[in-house]
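Presented below is the structure to which this report refers.
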Amino acid sequence: MMTTLNQGPKSQRMTKNQWSALESTKFEKIHSDVFSDSTQAAKAVAHEIAALIQYKSGRNQKCILGLATGSSPIKVYEELVRMHKEEGLSFKNVVAFNLDEYYGLGKEDVQSYVYFMHHHLFSHVDIDPENINIPDGTIAPNKVANYCAYYEDKIDSMGGLDFQLLGIGRTGHIGFNEPGSKERSLTRMVTLDYLTRLDNAFAFDNMNEVPKKAITMGVGTILKANRIVIMAWGLKKAEIVHKTVEGHVSADIPAAFLQRHSDVTFVMDVLAASELTRFKTPWLVGDTSWTSETSRKAVVWLSEKLQKPILKLTERDYNDHGMSELLAERSGYDVNIAMFNYFQHTLTGWPGGKPNADDSQRPERANPAKKRVIIFSPHPDDDVISMGGTFLRLIEQGHEVHVAYQTSGNIAVSDHEALLYAEFAEQFSEYLSKNDGKNKALFSKAIKLLKGKKQYKVIPEEIRKIKALIRRGEAISACRYYGLPDSHVHYLDLPFYETGRVEKAPLSGDDVTLIRNLIEEIKPHQIFAAGDLADPHGTHKVCFDAIIMALEQLKDESFLKDCWLWLYRGAWHEYPTHEIEMAVPLSPDQLIRKREAIFRHQSQKDGVMFQGEDSREFWQRAEDRNKDTAARYNALGLAEYEAIEAFKRYHF
C-alpha cells in the first residue's frame with residue numbers, strides 16, 4: 001500500500017503512466033493511494049498541499065487552490081492549521097476558490113459553506129480575506145447566470161487552479177455536479193439530487209430544511225485544474241469508489257470523468273477501498289498471499305458466485321476462477337471440509353459460552369459459566385438494534401449483564417419530539433404543586449427556544465438536556481423489557497459528544513477515564529462494542545477508540561487477561577461472511593422480542609434525523625440484515641435459521 005502522496009511541482013512527480021506501471025492493476029483507471037486509516041491519508045493530502053504552497057511561495061507565485069467542504073476534508077484542514085501554527089506554514093500567497101455553496105444560505109447561516117470554511121480553516125490561518133472566494137448563495141435569481149460566469153472568469157484570470165481538492169458523494173457527484181452533469185459544464189446553479197440532500201440532512205433539523213439548489217463549479221471547471229486529489233473515507237463510500245475508479249466514464253457518475261485527467265489521485269482508507277478488485281478479489285488480479293482470512297474470503301466468494309454450497313465446489317471451480325494456488329498443498333475436498341467446519345464452528349446459541357461443554361470448537365469459553373458482561377452502546381439504541389437477540393440470550397442464560405450508553409444521543413432527537421415532551425413536562429410540573437419551580441423554568445425556556453427561529457450555532461443546553469432525557473428514558477424502557485435491573489444500566493454521557501453540534505470535540509482523557517472506571521468496577525469477562533465505522537457522523541469510531549484507549553491503560557490488570565472483546569456492527573452494514581467469528585442464531589420469537597425492544601426507542605422511529613441513505617426503519621434494517629446473514633450461512637450449506645447476529649473478536 002502507498003503511504004505517501006506525490007509532493008512538489010508536477011515535473012518532480014511520477015506521471016500517471018509511471019504509477020500505473022508500479023502499482024495499478026488492469027482494473028483501475030484512476031491512480032489510487034490506499035491508507036490504513038483516514039487520519040494518515042488526510043495528513044498526506046495536507047502535506048502535498050503544504051509542499052505546493054511552499055514551492056509557489058519560493059518563486060513569489062500565487063498558489064491557486066480549489067477547496068472542498070463536507071466531512072472528507074476536515075482532517076486535511078486540521079493538519080494544515082496545525083502546520084500553520086506549529087511549523088510556520090503561511091497562506092499569504094494562497095488564493096482559494098471553493099467548489100460550491102447552498103443557494104439561499106448566507107454567510108451567517110451555520111449550515112453555509114462560508115461558515116464551514118472559516119470554522120475549519122480560514123479563521124485559523126493567515127490567508128488574505130480578499131483571496132477567499134466562495135460562491136454567493138444569496139445572489140438574486142435573475143443575476144445568478146452572470147454571477148456564475150464572473151466566478152468562472154475569476155478562476156481563469158488567476159491562471160486556473162493549481163490544485164483541486166475533492167470529496168465524493170454517494171451519487172458520484174463532485175462539487176454539486178449531480179448525475180447527468182456534462183463533462184464540459186462550468187460554474188452554474190444546479191438542483192440537488194434527493195440522495196445528496198438526504199446525505200446532508202444531518203446538518204439541518206430535518207430534511208425539509210435542506211436547500212434544493214446550489215451553486216457549484218462545473219465538471220469542466222474542475223477538470224481544468226493542473227492537479228486533482230479526490231478523497232473517500234469509510235465503508236459507505238466503497239461502492240461509489242469502485243464505480244468511479246474501475247467503471248466506465250459516464251454522466252451517470254460525474255466523478256468518473258476524472259479518468260480523463262492526466263494528474264489525479266484518489267486517496268482513500270482501506271474501508272473505502274474494500275470494493276476495488278485488488279482488495280475484494282485479489283486472486284483475479286495476480287499473485288495472492290493465501291492467508292487463512294484470504295482463503296475464507298475466496299471460498300465464500302466462489303460459493304456465492306457459483307451459487308453452490310461449499311461442499312459442492314469442485315477443483316475445476318477453483319482453477320477456473322484464479323484460485324488454483326489455494327489447492328497447491330491440499331485437495332479441493334480438503335479445502336471444502338476445512339472451510340465448512342470453520343463456519344459451522346462460528347455458530348452458537350450460547351454467546352457467553354456453554355457451561356460444562358467442550359469449547360475447543362466453539363467461539364466462546366465455557367468457563368466461567370456465569371460471566372460478567374459489559375455491552376457498550378455508542379447511542380442509546382445501538383445495543384438492541386445491533387445485538388438485541390444476543391443481549392436477551394446473555395440475560396436469559398444467567399450472565400451478569402451491564403449496558404453502558406456512551407453518549408446521550410441528544411442530537412438525534414428532533415425538535416418537534418423534544419417540544420412534545422417539554423410541553424407535557426411543563427404542564428405536568430404545574431399540576432404537581434410540590435414542584436420547586438426549577439424544572440418548570442428549564443422546560444419553559446426550552447419551549448421558547450424550540451418554538452423560535454433555530455439559528456443558534458450551538459444547540460442550547462436546555463434543549464440538549466431534554467433530548468438526552470428522552471433517549472435515556474427510552475433506553476431504560478428497552479432494558480427493563482429484557483429484564484435487566486436498573487442498577488446495571490450506566491449512562492456515561494461522554495464529554496466529547498456534548499458540543500451542541502453535529503461536529504464533536506476531540507476525544508479526551510475525561511472520556512477515556514469514564515470508560516476505564518466502569519471496566520475497573522465491573523471487571524468483565526466479556527465486552528461487546530460497536531465496530532461499525534460506517535456511522536454517518538463518526539460517533540461509533542470515537543466511542544470505539546475510547547474503549548481501546550481504556551483497555552490499553554488497564555492492560556496490566558489481572559482481570560483483563562481473561563476478558564474477550566467482541567465487536568458488532570450497527571444499523572448501516574454487517575460484517576462480510578468470511579470475517580464473522582461468532583454467529584448467534586435467532587428464532588422467530590426472539591426476533592420479535594428484539595423488534596419490541598427497538599420499538600421502545602420511539603424518538604428514533606418514523607423519520608429519524610440521521611436516517612442515512614436507507615429509508616427503512618431501524619428495526620426493519622436490523623431484521624433484514626440478520627435474516628440476510630442467516631440466508632448467506634444457509635447458502636454456504638449450513639443449517640437454515642430465521643436470523644443471525646454476527647460478531648468479530650478484537651484482540652487487544
If you draw a 6.0 Å radius around [atom1] in [X], do more than 12 non-hydrogen atoms from other residues or ligands fall strictly inside?
| X | atom1 | result |
| --- | --- | --- |
| E239 | CD | no |
| Y333 | OH | no |
| K561 | NZ | yes |

Using modelled atom types and a 3.5 Å cut-off, is there a donor and acceptor pairing between side-chain atoms of [X] and backbone atoms of [Y]?
| X | Y | answer |
| --- | --- | --- |
| Q40 | D37 | no |
| E642 | Q590 | no |
| H601 | P380 | yes |
| S386 | R569 | yes |
| R365 | H525 | yes |
| K280 | T277 | no |
| S274 | L271 | yes |
| H379 | G409 | no |
| D269 | G234 | yes |
| N336 | L313 | yes |

For [X] and [Y], which heavy atoms make the closest approach, and how far apart are they?
| X | Y | result |
| --- | --- | --- |
| M582 | I580 | O-CG2, 3.6 Å |
| T244 | A256 | CG2-N, 4.0 Å |
| P351 | Q397 | CD-OE1, 3.7 Å |
| A338 | R330 | CB-NH1, 3.6 Å |
| K237 | S72 | NZ-OG, 4.1 Å |
| H399 | A369 | CE1-O, 3.1 Å |

| request: Could you please spell out the steps behind the side chain to side chain contact (heavy atoms under 4.5 Å, CB included) verdict for K354 and D359? | output: CA-CA 8 Å; K354 187 173 183 179; D359 60 8; over 6 Å; no
| said: Go through it in stages, so that I can follow the logic: the residues are Y482 and F391, the test is ring-ring contact (aromatic ring centres under 6.0 Å, His included), and I'd like the CA-CA distance, side-chain angles, deciding distance and then a yes or no. | reply: CA-CA 8 Å; Y482 275 177; F391 182 178; 5.0 Å; yes
[X]-[Y] side chain donor-acceptor pair, cut-off 3.5 Å:
| X | Y | result |
| --- | --- | --- |
| E325 | T288 | no |
| S587 | D589 | no |
| D383 | Y405 | yes |
| T314 | D317 | yes |
| R227 | T265 | yes |

Under a 4.5 Å cut-off applied to non-hydrogen side-chain atoms, are [X] and [Y] in contact?
| X | Y | answer |
| --- | --- | --- |
| V241 | L276 | yes |
| V373 | I522 | no |
| F279 | V270 | no |
| H490 | I374 | no |
| L636 | V299 | no |
| M549 | R516 | no |
| I547 | Q406 | yes |
| I519 | E557 | no |

| Do NZ/NE/NH1/NH2 and the carboxylate oxygens of R593 and E596 come within less than 4.0 Å? | no
| query | Any ion pair linking K297 and E293 (charged N to carboxylate O, less than 4.0 Å)? | reply | no
| field | Audit row: L638, Q344, side chain to side chain contact (heavy atoms under 4.5 Å, CB included) steps and yes/no | value | CA-CA 7 Å; L638 296 156; Q344 188 175 49; 3.8 Å; yes
| Applying the side-chain contact (heavy atoms from CB on, under 4.5 Å) test to N626, which of L591, I644, V584 qualifies? | L591
To the nearest 0.5 Å, what is the distance between [atom1] on [X] and [atom2] on [Y]?
| X | Y | atom1 | atom2 | value |
| --- | --- | --- | --- | --- |
| M323 | T294 | CE | OG1 | 10.5 Å |
| F376 | Y568 | CZ | OH | 10.0 Å |
| L302 | T281 | CG | OG1 | 11.5 Å |
| L258 | F266 | CG | CZ | 8.0 Å |
| E246 | R278 | CD | CZ | 9.0 Å |
| Q361 | T348 | CD | OG1 | 12.5 Å |

| field | side chain to side chain donor-acceptor pair (under 3.5 Å) pairs, two or more places apart, involving residues 643-652 | value | T390-E645, E579-K648, K594-E645
| Derivation of the side chain to side chain contact (heavy atoms under 4.5 Å, CB included) call for K236 and R170 | CA-CA 8 Å; K236 64 180 179 177; R170 193 166 54 89; 5.9 Å; no
| request: Take E396 and R393 through the salt bridge (Lys or Arg N to Asp or Glu O under 4.0 Å) test and state the conclusion after the steps. | output: CA-CA 5 Å; E396 291 178 338; R393 280 267 180 95; 5.4 Å; no
| message | Checking ring pair (Phe, Tyr, Trp, His ring centres under 6.0 Å) between F647 and each of F528, W566, W564, which is the one that passes? | response | F528
| Going through the checks in order, is the side chain to side chain contact (heavy atoms under 4.5 Å, CB included) test met by E79 and H47? | CA-CA 8 Å; E79 179 65 7; H47 290 179; 2.9 Å; yes
| said: My understanding is that only residues two or more places apart in sequence, or in another chain, count here; which of them pass side-chain hydrogen bond (donor to acceptor under 3.5 Å, both in side chains) with K43? | reply: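 With neighbours one apart ignored, the set is empty.
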| field | Plane angle bin for W301 and H321 - parallel if under 30°, tilted between 30 and 60°, otherwise perpendicular | value | perpendicular
